[in-house]
Amino acid sequence: MEQIYTIPVNEAFEECMEKGGCPFCALSEKLEKDEIDLILGASMMEPDIRKKTNEMGFCKNHFKNLLAGSKKLPLALIMESHLAEVDSLLSKPGIMPAAAGASAMKKLTGISASCYVCSRVENNFSHMLDTAAYLWETDPDFRRKCKKQEGFCIPHLARYLTAAKSRMRGKTFADFYSAIYEVENKYLADKQEKLSRFVKSFDYRNSGVPIDDARDAVERSIDLVSGK
């Protein structure tokens with residue numbers, strides 16, 4: 001399974017070696033964009049996909065992404081059949097309206113909490129995390145790419161460590177953690193230093209002192225702790 005994802009994982013790590021940022025954020029963003037493009041394009045009329053989008057719907061964030069796609073007709077068709085699915089979940093009150101209401105509540109709660117795009121992205125992304133751990137074990141060039149990263153956001157770092165721990169043993173995981181720690185420690189230090197400069201710029205004694213690349217320190221720190 002891991003080998004299917006080696007190309008996109010390698011490409012993301014290579015790209016982030018050049019421009020910086022978390023390679024897993026780059027992977028997640030690309031997966032999300034690809035799914036949105038597919039839903040509003042070729043996949044819209046595929047019966048199996050339409051069935052899933054009818055049943056699962058989308059989260060609020062991905063509804064916004066779909067609206068931003070400027071393809072209102074495909075989205076209208078998707079919504080038309082999705083609302084029909086929602087309507088079918090509302091049990092018609094019979095001689096036991098309380099039972100019908102309880103059934104509808106359970107079904108509607110389920111569909112409100114699901115998202116077709118989130119599900120697809122998560123499925124592929126989890127495999128990509130496993131692939132990144134697999135590549136560390138098997139590909140010296142990938143280990144080099146890891147060591148040359150600017151850093152990882154905290155949520156994706158946690159998941160990468162978890163994926164690595166599930167397959168690596170003993171010295172292999174110890175070497176992996178040491179290398180990743182060195183990368184992340186520098187990344188954190190850089191963000192802390194820029195935050196400090198940003199904060200100090202509000203002191204009247206530093207009036208006129210340029211802050212340059214610390215101007216967006218707060219935004220970049222938030223990206224670090226929460227993912228981009």
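Please read these numbers as outputs of a predicted model, since none were measured by experiment.
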Worksheet item: Angle class for the Tyr160/Phe152 ring planes (parallel below 30°, perpendicular above 60°, tilted otherwise)?
Response: tilted
Going hydrophobic residue to hydrophobic residue with side-chain gaps under 4.5 angstrom, can you get from Leu73 over to Leu40?
yes
In terms of heavy-atom contacts, Gly151 and Pro23 come closest through O-CD, 3.8 Å
Correct closest heavy-atom pair for Trp136 and Cys146 would be CZ3-CB, 3.7 Å
Item to complete: Kindly determine whether Phe142 and Tyr134 satisfy ring pair (Phe, Tyr, Trp, His ring centres under 6.0 Å), including the steps that lead there.
Response: CA-CA 10 Å; Phe142 184 78; Tyr134 161 79; 9.6 Å; no
(request) Give me the ring orientation class for His82 and Phe63: parallel if the planes are under 30° apart, tilted from 30 to 60°, perpendicular past 60°. (result) tilted
request  = Answer yes or no: does atom CD of Glu219 have more than 12 heavy-atom neighbours from other residues, nucleotides or ligands under 6.0 Å?
outcome  = yes
Assigning hydrophobic clusters by single linkage (Ile, Leu, Val, Met, Phe, Trp, Tyr; side-chain heavy-atom cutoff under 4.5 Å), is Leu27 placed with Ile7? no
Kindly determine whether Leu31 and Glu35 satisfy side-chain contact (heavy atoms from CB on, under 4.5 Å), including the steps that lead there. CA-CA 6 Å; Leu31 284 170; Glu35 287 299 329; 5.6 Å; no
Between Tyr5 and Asp130, do the side chains contain a donor N or O and an acceptor N or O under 3.5 Å apart? no
Pair Lys194-Asp190, salt bridge (charged side-chain N to carboxylate O under 4.0 Å, His left out): steps then yes or no: CA-CA 6 Å; Lys194 287 174 181 173; Asp190 176 69; 3.2 Å; yes
Take atom CD in Glu182; do more than 12 heavy atoms of anything else shown fall under 6.0 Å from it?
no
Residue pairs passing the side-chain hydrogen bond (donor to acceptor under 3.5 Å, both in side chains) test with at least one member in residues 49-63, sequence neighbours excluded, are Glu32-His62, Arg50-Ser81, Lys51-Glu55, Asn54-Ser81
Common cluster, Tyr187/Phe198, ILVMFWY with side-chain heavy-atom separation under 4.5 Å: no
Closest heavy-atom pair, Phe13 versus Gln149, reported as atoms and distance to 0.1 Å, is O-NE2, 2.8 Å
Shortest non-hydrogen pair, Met168 vs Ala133, comes out as CE-O, 3.5 Å
Rounding to 0.5 Å, atoms CE (Met17) and CD (Glu150) come to a distance of 12.5 Å
Would you say that Val121 contacts Ser28 through its side chain, given a criterion of any heavy-atom pair below 4.5 Å between the two side chains? yes
| field | Neighbour count >12 (heavy atoms, 6.0 Å) for atom NZ, Lys71 | value | no
Here the gap from Arg120 atom CZ to Asn123 atom CG, rounded to the nearest 0.5 Å, amounts to 7.0 Å
Taken to the nearest 0.5 Å, the spacing of Ser221 OG from Leu188 CG works out to 9.5 Å
Keeping Ser166 on the side-chain end and Ala163 on the backbone end, is there a donor-acceptor pair under 3.5 Å? yes
Value for CD (Glu18) from CD (Glu14), rounded to nearest 0.5 Å, stands at 9.0 Å
- Taking Thr162 for its side chain and Ala158 for its backbone only, find out whether a donor-acceptor pair lies under 3.5 Å. yes
### Message
Any carboxylate oxygen within less than 4.0 angstrom of a Lys/Arg side-chain nitrogen, looking at Asp213 and Arg197?
### Response
yes
- Task: State plainly whether one hydrophobic cluster holds both Tyr116 and Leu67, where clusters connect Ile, Leu, Val, Met, Phe, Trp and Tyr through side-chain heavy atoms under 4.5 angstrom apart.
- Result: yes
Determine yes or no for a side-chain-to-main-chain donor-acceptor pair under 3.5 angstrom, with Ser126 supplying the side chain and Glu122 the backbone. yes
When rounded to the nearest 0.5 Å, the distance separating CD of Glu11 from OG1 of Thr6 is 9.5 Å
Worksheet item: Going hydrophobic residue to hydrophobic residue with side-chain gaps under 4.5 angstrom, can you get from Ile78 over to Leu38?
Response: no
Is Ser114 reaching over with its side chain to a backbone N or O of Ile111, donor-acceptor style, under 3.5 angstrom?
yes
Set out, in order, the CA-CA distance, both residues' side-chain angles and the distance that settles side-chain contact (heavy atoms from CB on, under 4.5 Å) for Leu157 and Glu184, then state yes or no. CA-CA 9 Å; Leu157 174 63; Glu184 196 68 8; 3.6 Å; yes
Worksheet item: Which is it for Cys153 and Phe24 under the side-chain contact (heavy atoms from CB on, under 4.5 Å) test, yes or no, and what are the steps along the way?
Response: CA-CA 8 Å; Cys153 74; Phe24 292 113; 5.9 Å; no
Does the plane of the ring in Phe125 sit parallel, tilted or perpendicular to the ring in His156? Use 30° and 60° as the thresholds. tilted
Between Arg215 and Ile211, the two heavy atoms sitting closest are CA-CD1, 3.7 Å
d(Lys106 NZ, Leu108 CG) to nearest 0.5 Å is 12.5 Å
query = Taking the six-membered ring for Trp, is the centroid-to-centroid distance between Tyr181 and Phe176 below 6.0 Å?
reply = no
- Do the charged groups of Asp141 and Lys145 touch, with an N to O distance under 4.0 Å? yes
query: Hey, mind stepping through Ile39 and Phe58 against side-chain contact (heavy atoms from CB on, under 4.5 Å) and telling me if it holds?
result: CA-CA 11 Å; Ile39 290 165; Phe58 306 94; 3.7 Å; yes
Check: Are Arg220 and Asp223 ion-paired here, with the side-chain N under 4.0 Å from a carboxylate O?
Finding: no
